[in-house]
Protein chains: 2
Amino acid sequence: MVLEELLEQLKKIGIRLTPQRQEIMLVLVERFQEGGPPLSADEITRHVRMRYPGISLDTVYRTLATFTKEGLVRELQFRDHSRRFELVRKGEHHHHLVCLSCGNIKKIPYCPEDCLERTRECYPEFEIKDHSFNVYGYCPKCRED
Amino acid sequence: MVLEELLEQLKKIGIRLTPQRQEIMLVLVERFQEGGPPLSADEITRHVRMRYPGISLDTVYRTLATFTKEGLVRELQFRDHSRRFELVRKGEHHHHLVCLSCGNIKKIPYCPEDCLERTRECYPEFEIKDHSFNVYGYCPKCRED
DNA sequence: ACACGTTATAAGAATTATTCCTATCTAGGA
DNA sequence: TCCTAGATAGGAATAATTCTTATAACGTGT
């Protein structure tokens with residue numbers, strides 16, 4: 001099961017396996033498995049509180065920062081200024097199509113690898129670590145208005 | 001001259017040509033001409049205040065929103081949560097390479113058009129308007145640390 | 001199983017960026 | 001020149017995130 005793998009990974013990293021962290025990881029894994037859109041810190045907090053009511057927002061933010069630093073989670077920043085988080089799974093890579101009206105998010109299964117490669121050639125002195133590709137538009141529902 | 005062209009464009013659009021708007025446009029044009037990185041709202045405000053001390057932050061934000069809506073300005077959102085603005089010039093299109101350590105920004109002259117096209121094919125019911133492609137890494141200076 | 005030291009947490013204060021409110025002002029058409 | 005819709009200044013309000021600090025608890029070593 002994915003969750004256990006990840007908890008094992010957390011142990012290896014050498015950070016403490018607290019119940020709060022486990023719950024946050026569980027929420028991220030569930031969202032990944034159902035294929036839904038990335039979650040905001042607030043959404044994650046609300047989900048975690050269903051099963052772990054006392055958790056503080058600060059803990060959620062700190063934990064997400066830790067997970068991101070360890071490469072378990074990817075942090076996303078969209079043009080509407082919303083900040084979202086999603087689980088990183090090895091061998092799986094995608095980008096996002098975002099509705100400018102309702103914020104609805106779809107996965108894009110393509111990746112601009114050629115552009116990335118050309119960027120590396122253009123700036124060989126940069127140590128390139130990551131990239132983001134977002135497409136913005138209006139979803140079918142919002143086009144009607 | 002670029003500035004006059006743009007002021008003319010503002011007139012055509014039908015919004016009032018106030019001195020505040022002219023100053024903000026001037027700052028954006030100067031930055032475009034010197035080829036420097038996009039500006040934050042705060043940087044723009046500081047620049048505008050050198051020549052127009054009384055301008056309020058709210059006016060800067062409102063004006064940038066107006067310019068963005070009219071397609072004269074592009075709003076950028078990077079992973080460090082910084083929000084920046086740059087002039088849009090027809091026939092010129094680029095993306096950004098951002099240093100994760102110092103925030104240094106370089107222009108990328110390539111564009112993932114193929115990915116964009118494939119995204120259109122994948123989601124034909126979406127009305128695609130725009131996209132962003134950001135590459136993150138460490139600049140030469142920051143690699144040393 | 002237990003104690004200890006390190007690290008994580010909760011709670012709320014503080015910070016920062018942005019937007020809202022409202023009284024006043026002004027660009028530009030008549 | 002006058003008039004009015006739209007714009008501005010200034011400060012209050014909001015929202016998201018981070019900081020502070022006292023308390024709690026993970027997991028190593030006994």
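Chain naming here is simple, since letters A, B, ... match the order of the sequence lines and numbering starts at 1 in each.
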| query | Are B:Phe78 and B:His96 an aromatic pair by the rule of ring centers under 6.0 Å? | reply |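 Yes, close enough.
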| query | Are A:His131 and B:Tyr136 close enough that their ring centres sit under 6.0 Å apart? | reply |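 No, ring centres 6.0 Å or more apart.
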Any side-chain heavy atom of [X] sitting closer than 4.5 Å to one from [Y]?
X: A:Pro38; Y: A:Phe85; result: no
X: B:Arg84; Y: B:Ser82; result: yes
X: B:Gln20; Y: B:Thr63; result: no

| When you check the gap from the basic side-chain N to the acidic O, do B:Glu23 and B:Arg49 get nearer than 4.0 Å? |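 No, B:Glu23 and B:Arg49 are not salt-bridged.
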| query | With a 4.0 Å cut-off, would you call A:Arg143 and B:Glu125 a salt bridge? | reply |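 Not counted as a salt bridge, because no side-chain N and carboxylate O are separated by less than 4.0 Å.
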Can you tell me how far [atom2] of [N] sits from [atom1] of [X], to the nearest Å?
X: A:Glu43; N: D:dA16; atom1: CD; atom2: P; value: 11 Å
X: B:Asp42; N: C:dT19; atom1: CG; atom2: C1'; value: 16 Å
X: A:Asp80; N: C:dT19; atom1: CG; atom2: C1'; value: 15 Å
X: A:His81; N: C:dT19; atom1: NE2; atom2: C1'; value: 12 Å
X: A:Leu76; N: D:dA16; atom1: CG; atom2: P; value: 17 Å
X: A:Leu64; N: D:dA16; atom1: CG; atom2: P; value: 15 Å
X: B:Leu7; N: C:dG28; atom1: CG; atom2: P; value: 11 Å
X: A:Lys12; N: D:dG27; atom1: NZ; atom2: P; value: 16 Å

| request: Would you give a per-nucleotide map of nucleotides 6-11 of chain D, 5' to 3', where B means the base has a protein non-hydrogen atom under 4.0 Å away, S means only the sugar-phosphate does, and - means neither? | output: BSBBB-
| message | So does B:Phe67 get a backbone contact from the side chain of B:Glu70, meaning a donor-acceptor N/O pair under 3.5 Å? | response |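 Such a contact is absent between B:Glu70 side chain and B:Phe67 backbone.
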| message | I'd like to know if the side chain of B:Arg31 and the backbone of B:Gly36 have a donor-acceptor N/O pair within less than 3.5 Å. | response |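 Here the side-chain-to-backbone pair does not exist.
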| field | Residue-level proximity of residues 66-75 of chain A to DNA chain C when a heavy atom falls under 4.0 Å | value |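 Correct list: empty, so none.
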| said: Of the listed nucleotides (D:dG27, C:dT18, D:dT18), which one gets closest to any side-chain atom of A:Arg83? | reply: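 Closest nucleotide among those given: D:dT18.
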| query | Touch check for B:Pro53, heavy atoms < 4.0 angstrom, all strands: base, sugar-phosphate only, or nothing? | reply |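 Nothing, no nucleic acid heavy atom in range.
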